[in-house]
Amino acid sequence: MPKYDFKKIEKKWQKIWAKNKYKLWAASAPLRGASASQGRRKFYVLDMFPYPSGDGLHVGHVEGYTASDIMARFLRMNGHNVLHPMGWDAFGLPAENYAIKKKIHPSIVVKNNIKRFKNQLNSLGFSYDWQREINTTDPEYYKWTQWIFLQLFKKGLAYEAEVPVNWCSSCKTVLSNEEVADGVCERCGGKTERKNLKQWILKITAYADRLLSDLESLDWPERVKEMQRNWIGRSEGALIKFSFSCDRIYYGDLEVFTTRPDTIAGVTYMVIAPEHPVIEKLKSKIRNWEKVAAYIKSAKSKSEKERQQEGKEKTGVPLDGVYVINPWNKKEVPVWIADYVLAHYGTGAVMAVPQHDERDREFAKKFDLPIIDEPLLPKEEVIEKLGAKKTINYKLRDWIFSRQRYWGEPIPVIKCEKCGNIAVPEEDLPVKLPQVKKYEPTGGVESPLAGIKKWVNVKCPKCGGAAKRETNTMPQWAGSCWYYLAYLMREVSNFQFPISQYQNVFKHWLPVDIYVGGVEHAVLHLLYARFWHKFLYDIGVVSTKEPFAKLVNQGLILGPDGQKMSKSRSNVVNPDDMVEKFGADSLRLYEMFMGPLEDVKPWDPRGIIGPHRFLARIYNFGRDKKTGENEAAVRLVHKTVKKVTEDIKNFHFNTAVSALMIALNDAEKLETLSKDFYKTYCKLLFPFAPHLAQELWSLLGHKTLLDEEKWPEWDERLAEEESFELIIQVNSKTRGKLTAHRGIDETNAKALAMTAPGMNKWLDPSKIKRIIFVKDRLINFIVES
RNA sequence: GCUCGGGUGGCGGAACUGGCAGACGCAGAGGACUUAAGAUCCUCCGCCGCAAGGCGUGUGGGUUCAACUCCCACCCCGAGCACCA
C-alpha cells in the first residue's frame with residue numbers, strides 16, 4: 001500500500017494554489033457581477049489579524065484560522081462571493097522591546113516576523129486573499145489611522161486633558177482603563193500607579209448609550225455582550241440637590257446621583273469622595289480640618305486598586321460642623337468623606353441609606369451612624385416633588401489614547417503656543433514615524449520622538465510660527481480599530497485619498513458577516529472598533545451601524561498539563577512541529593476534532609494521531625474495492641452530506657469530522673462503491689483537509705481544483721435510513737430490539753415486538769394495561785406488576 | 001458578593017423537540033502479520049456480576065410510561081465583573 005506522503009502532497013498543492021490564488025480566493029469586486037438574485041451573496045469572513053510576534057504562530061491561531069478557512073471554502077463552494085483576507089497588527093511594545101534589546105529597528109523585526117508568519121499560514125493551506133494584505137505599520141496604512149484621529153479631533157471627540165491615568169512603570173507609558181486588569185498592566189503584568197498627566201483622550205463615553213443598546217442587534221456570544229454591558233455599566237437614576245448647612249446657615253448645594261430616589265426618607269448621612277472640590281470650599285467650616293486633610297492626603301497617595309483592596313474594611317472621617325438638609329423631610333444629617341465613594345462616578349457624592357444599601361450599612365455600623373427603617377416612596381413622585389433631574393450614568397470612562405513610546409502611529413497634531421493644538425493638514429499625512437537611534441522610552445511624558453529636533457520643530461500650519469509636533473504615539477489598538485475597512489480599500493486603490501471613493505465597497509461588503517477570534521478582546525479591540533465604526537457611520541463613511549454582525553470565539557487551547565500554554569511552563573505546542581510530524585491536514589483536522597470550537601480544551605499529544613490515521617486510511621481507501629451502484633452507499637452519501645453541511649453551518653466542526661470518520665468506517669464495510677461516493681467524499685473533506693482532498697480528487701482523474709467545484713446537495717428521503725431499530729420496552733425498561741421499516745404503525749409494531757426473542761419472558765399479553773408507541777423509535781408496554 | 005457558562009467512562013467528547021446514555025477519537029487488553037520492534041488489520045473495552053440481571057450522566061428531591069435533557073433545592077469547577085451609589 002502506498003504511503004500517505006503528506007509532505008509531498010501538501011507542498012505540491014500549495015505550489016499550485018500559490019500560482020492560482022488570485023483567481024481562486026479573490027472575492028469578486030462588487031461593481032462587477034455578484035448578483036444576489038441567484039442565492040449568491042457576499043460573505044465577509046474575517047479573522048482577528050495577528051500581532052506578528054517573534055514566537056511565530058500559536059496553535060490557538062491555527063484553531064481560529066482553520067475554522068474561518070473551513071467556512072470560507074464551504075461558502076465559496078456554495079457559490080457565494082467570499083472575502084477572506086489577512087494582515088498584520090504590527091505596532092506595539094514587543095517589537096519595540098525586542099528592538100531595544102537587539103538593537104535592530106522595529107520595522108525590520110516586524111518585517112522578519114511577518115515573513116515567518118506568512119510562511120506558516122501558507123504551510124497550513126489557508127485560503128487567504130493575499131492581494132488585500134495590510135500592515136498597520138505601513139505609512140500608507142497609518143495615514144488613514146491618523147486621518148480618522150483627525151476627524152475625531154475636528155468633531156471634538158479627541159481632546160487633551162490632564163487626568164488621573166494608569167502608569168505602567170515597566171512599560172514606561174500610560175495605559176487605558178481597558179488595559180489595566182486588577183491594577184496590573186495587561187501587557188507585562190507589572191503593577192500600575194496613578195499619576196496626573198496631560199494626555200490625549202478619545203470621548204468614547206459620547207457613544208456609551210449606542211455601544212450598549214446596539215449590542216442587542218448583534219449575533220455575538222452572550223458572554224461577550226455581557227462583558228461589554230458590564231464595562232459600559234449603565235445606570236438610571238436622578239440627581240438630587242441637598243443644601244449644606246453650617247451653623248444653621250445655608251452654604252450652597254450638594255448634588256448627589258442615586259438610582260434609588262424612593263429611599264430618600266432613609267438617608268441618615270452623606271458621603272463625599274475625598275477628592276471632591278467642595279471640601280476646599282468648606283474648609284473654614286470644618287472643625288476637624290487637620291484630621292480631614294490627613295485622610296485626604298492618605299487617600300490620594302493610594303492607587304485606586306489599593307483603595308479597593310482595603311475596601312472591605314471601610315474608612316472615613318466626618319466633616320465636623322458640616323451638615324446637609326434632606327430636601328424630602330428637611331432633616332439635617334452629617335457629612336462624611338470616605339474613599340468608598342469614587343470621585344469620577346456620578347457627582348462624587350452619595351446619599352447614604354444604610355437600610356437599603358449594603359455598603360452604607362457597613363459604613364454606618366462601623367461608625368455608629370443611625371440606620372432607620374423608613375417608608376419606600378413612589379420613585380416618580382420623589383423626583384417630581386424635588387424637581388430632581390433624571391440622569392443616566394455610565395461606568396465607562398473616556399479612552400486615554402496617548403502612549404509615551406516609539407513604535408506607534410504619531411498623533412498628527414502640531415502644538416503652537418499661539419494657536420494651541422492644530423491638526424496636521426490632510427495633504428501632509430502620513431506623519432511618518434522618523435528613524436531614531438534610541439527607542440528607549442524616556443520615562444517621562446514625552447516619547448523618544450521628542451529627542452529628534454529636526455522632526456519635532458515645525459511651522460504652525462495656521463499662523464506659520466514656530467511650533468512643535470506632538471511626540472506621543474497612539475496605542476496598540478488604534479490600527480486594529482478599522483483594519484477590516486482597509487482590506488476593502490485595497491479593492492479600489494492603494495489607500496489614496498479621498499475617502500469618498502471607497503464608499504461603494506464599504507457599502508457592498510459591510511458588515512463583516514463572520515468574525516472569528518479569541519475572547520481576550522471582548523472589552524478592548526471589540527469595544528474600540530465598535531466605537532470608531534459608529535463614529536465613521538456618523539460622518540457618513542460607512543453605512544452600517546455595527547462592524548461585526550456575527551462573532552465566534554474560539555476557546556483557548558491549553559497545554560497538555562491543562563495549564564495555559566506559556567514559555568515559562570514549557571508546555572507550548574508549536575504548530576510547525578505538528579506540520580512537520582503529521583502534516584497540515586492532520587493538524588487542522590485534529591484542532592477541529594478536539595471539541596466544540598468555543599470550548600477551552602487541553603492539547604492531547606497523542607490525540608492528533610487519530611485524525612492522522614484517519615487521513616492515511618482515506619488515502620488508501622477504495623484501492624481494492626469494486627466500483628458499482630449500491631443503495632446503501634447512496635444513503636450513506638446523502639446522510640453524510642446532510643450531517644456535514646448542517647454541522648459546518650452551525651460551526652460544529654468536531655461532529656462534522658466525526659461524521660466523516662463514520663462515513664469512512666461504514667464505507668469500508670460495503671462491497672461496492674460508486675464513483676459518486678468518492679467524488680462527494682472528497683468535496684466534503686476539502687474544507688477540513690484541503691491538501692489531501694485535492695490530491696484524491698486529482699487521483700480520481702479530475703483536472704479541476706476543488707475550490708471551483710460545487711458543494712454537494714442531499715435528498716432528504718435518501719438521507720434517512722430505510723429501517724430503524726425498534727426499541728421494545730416493558731415498563732420502560734428495554735427488553736429487546738428489532739429492525740423495522742420506517743413508518744411502521746402501532747399495530748404492526750406491536751405484532752412485531754411480540755415476536756422478539758425472549759419476549760414471552762417479560763411480556764404476558766393479557767396483562768398489558770397501556771402501550772406507548774413513539775414512531776420510528778420505540779414501543780413501551782406497561783403491564784400490571 | 002453579583003452575572004454568565006459548565007459538571008457524562010481512564011482521557012477529549014457525542015446524544016434530535018424528553019425516547020437505546022457513552023457516537024467518533026485517544027489510551028488500555030487480547031489476537032493476526034513480523035526474527036523482533038514499529039506500522040497495519042481483527043476483537044474487546046462504563047461499573048458490579050460466572051451468568052441471569054442490576055446499577056449508572058455532580059448531590060438530594062419532584063414531574064413523566066420514559067429525564068444527561070424539564071422543575072425545585074444544594075455542592076463543585078471555569079470565566080467575567082466587583083465599593084459604580
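What you are looking at is a predicted structure, and each value in this text was computed from that prediction instead of being measured. Quick note on labels: first sequence line is chain A, next is B, and so on, each numbered from 1.
- Under 4.0 angstrom from either OP1 or OP2 of B:rA27 there lies at least one side-chain N or O belonging to A:R613.
- In this model, no side-chain donor or acceptor of A:R617 finds a partner on the base of B:rC41 within 3.5 Å.
- No side-chain donor-acceptor contact under 3.5 Å links A:E362 and A:Y340.
- Between the C1' atom of B:rA79 and the CG atom of A:D599 lies a distance of 12 Å, rounded to the nearest Å.
- A:N665 has a side-chain polar atom (N or O) that falls below the 4.0 Å cut-off from OP1 or OP2 of B:rG25.
- Nearest to the side-chain atoms of A:R777 among the listed nucleotides B:rC83, B:rC26, B:rG19 stands B:rG19.
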(message) If you apply the rule ring-ring contact (aromatic ring centres under 6.0 Å, His included), what do you find for A:F781 with A:W762, and how did you get there?
(response) CA-CA 10 Å; A:F781 298 96; A:W762 300 105; over 10 Å; no
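- Taking the side chain of A:M227 as heavy atoms from C-beta on, and the options B:rC26, B:rA85, B:rG80, the nearest nucleotide is B:rG80.
- A:D360 comes within 4.0 angstrom of nothing in the nucleic acid, heavy atoms only.
- For A:T655, counting side-chain heavy atoms from C-beta on, the closest listed nucleotide (B:rA14, B:rC24, B:rG54) is B:rA14.
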(message) Between A:F363 and A:Y269, is the ring-ring contact (aromatic ring centres under 6.0 Å, His included) condition met? List the steps.
(response) CA-CA 10 Å; A:F363 192 81; A:Y269 62 101; 5.6 Å; yes
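- Among the heavy atoms of the strands lying under 4.0 Å from A:E725 is at least one base atom, whether or not backbone atoms are also near.
- Comparing A:Q729 and A:L396 against RNA chain B, the residue whose closest nucleotide sits nearer the 5' end is A:Q729.
- Relative to the side chain of A:E226, the nucleotides B:rG19, B:rA85, B:rU3 differ in distance, and B:rU3 lies closest.
- Base engagement by A:V341 is indicated by at least one non-hydrogen atom pair under 4.0 Å involving a base atom.
- Atom CG of A:L254 is separated from atom C1' of B:rA85 by 13 Å (rounded to the nearest Å).
- A salt bridge links A:D647 to A:K643: at least one charged side-chain nitrogen sits closer than 4.0 Å to a carboxylate oxygen.
- Taking 4.0 Å as the cut-off between side-chain N and carboxylate O, A:D776 and A:R742 count as a salt-bridged pair.
- B:rC4 is paired with B:rG78 under the Watson-Crick or G-U wobble criterion, all donor-acceptor distances under 3.5 Å.
- Considering only the side chain of A:R735, B:rG54 comes nearest among B:rC20, B:rG54, B:rG25.
- Here B:rG9 is in the syn range [glycosidic angle within 90° of 0].
- Phosphate proximity of B:rC65 to A:R770: present, with a side-chain N or O under 4.0 Å from OP1 or OP2.
- Across all strands shown, A:N780 has heavy atoms under 4.0 Å from base atoms, whether or not it also approaches the sugar-phosphate.
- If you take atom C1' in B:rC83 and the same atom in B:rC11, they sit 44 Å apart, rounded to whole Å.
- As judged by a 4.0 angstrom heavy-atom cut-off over every strand, A:L778 is placed among the base-contacting residues.
- Salt bridge A:K775/A:E746: absent, no basic N to carboxylate O contact under 4.0 Å.
- Comparing the P positions of B:rA52 and B:rA67 gives a spacing of 24 Å, expressed to the nearest Å.
- Between A:R229 and A:E226 there is a salt bridge, since a side-chain N of the basic residue sits under 4.0 Å from a carboxylate O of the acidic one.
- The CG-P distance, from A:L524 to B:rG80, rounds to 12 Å in whole Å.
- Residue A:W762 is in sugar-phosphate contact alone, with no base atom involved, counting any heavy-atom pair closer than 4.0 Å across all strands shown.
- Nucleic acid contact class of A:R234 (heavy atoms, under 4.0 Å, all strands): none.
- For A:V774, counting side-chain heavy atoms from C-beta on, the closest listed nucleotide (B:rG19, B:rC26, B:rC81) is B:rG19.
- The side chain of A:N393 contributes no N or O atom lying less than 4.0 Å from OP1 or OP2 of B:rA85.
- Within the 4.0 angstrom heavy-atom criterion, only backbone atoms of the sugar-phosphate kind lie near A:I662; the bases stay farther away.
- Separating the C1' atom of B:rG56 from that of B:rC68 is a span of 12 Å, rounded to the nearest Å.
- Classification of the A:F6-A:H612 ring pair by plane angle, with boundaries at 30° and 60°, yields perpendicular.
- Going from the C1' atom of B:rG46 to that of B:rC41 covers 26 Å, rounded to whole Å.
- Going from the P atom of B:rG38 to that of B:rC55 covers 42 Å, rounded to whole Å.
- Using C1' as the reference atom, B:rC70 and B:rG19 are 14 Å apart when rounded to the nearest Å.
- A:D776 places its CG atom 15 Å from the C1' atom of B:rU17, with the value rounded to the nearest Å.
- Proximity note for A:S732 (side chain, C-beta onward) versus B:rA85, B:rC65, B:rG19: the nearest is B:rC65.
- Residue A:I772 places its side chain closer to B:rC65 than to any other of B:rA27, B:rC65, B:rA85.
- Within the structure, every side-chain polar atom (N or O) of A:Y590 is placed at least 4.0 Å from both OP1 and OP2 of B:rG25.
- Contact check, A:K733 against B:rC55: a side-chain N or O comes under 4.0 Å of OP1 or OP2.
- Taking atom P in both B:rA29 and B:rA37, one finds a spacing of 14 Å when rounded to whole Å.
- In the set B:rA85, B:rC26, B:rG25, the nucleotide with an atom closest to the side chain of A:M661 is B:rG25.
- Here A:R361 lies out of heavy-atom contact (under 4.0 Å) with every strand.
- Between the CD1 atom of A:I557 and the P atom of B:rG12 there is a distance of 15 Å, rounded to whole Å.
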(message) Could you walk me through whether A:Y590 and A:W603 satisfy the ring-ring contact (aromatic ring centres under 6.0 Å, His included) test, starting with their C-alpha distance in whole Å, then the side-chain angles of each, then the deciding distance to 0.1 Å, before giving a yes or no?
(response) CA-CA 10 Å; A:Y590 172 56; A:W603 181 274; 5.0 Å; yes
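- Across the protein-nucleic acid pair, A:D604 atom CG and B:rC26 atom P stand 10 Å apart, rounded to whole Å.
- Separation of the C1' atoms belonging to B:rC81 and B:rU57 is 32 Å when rounded to the nearest angstrom.
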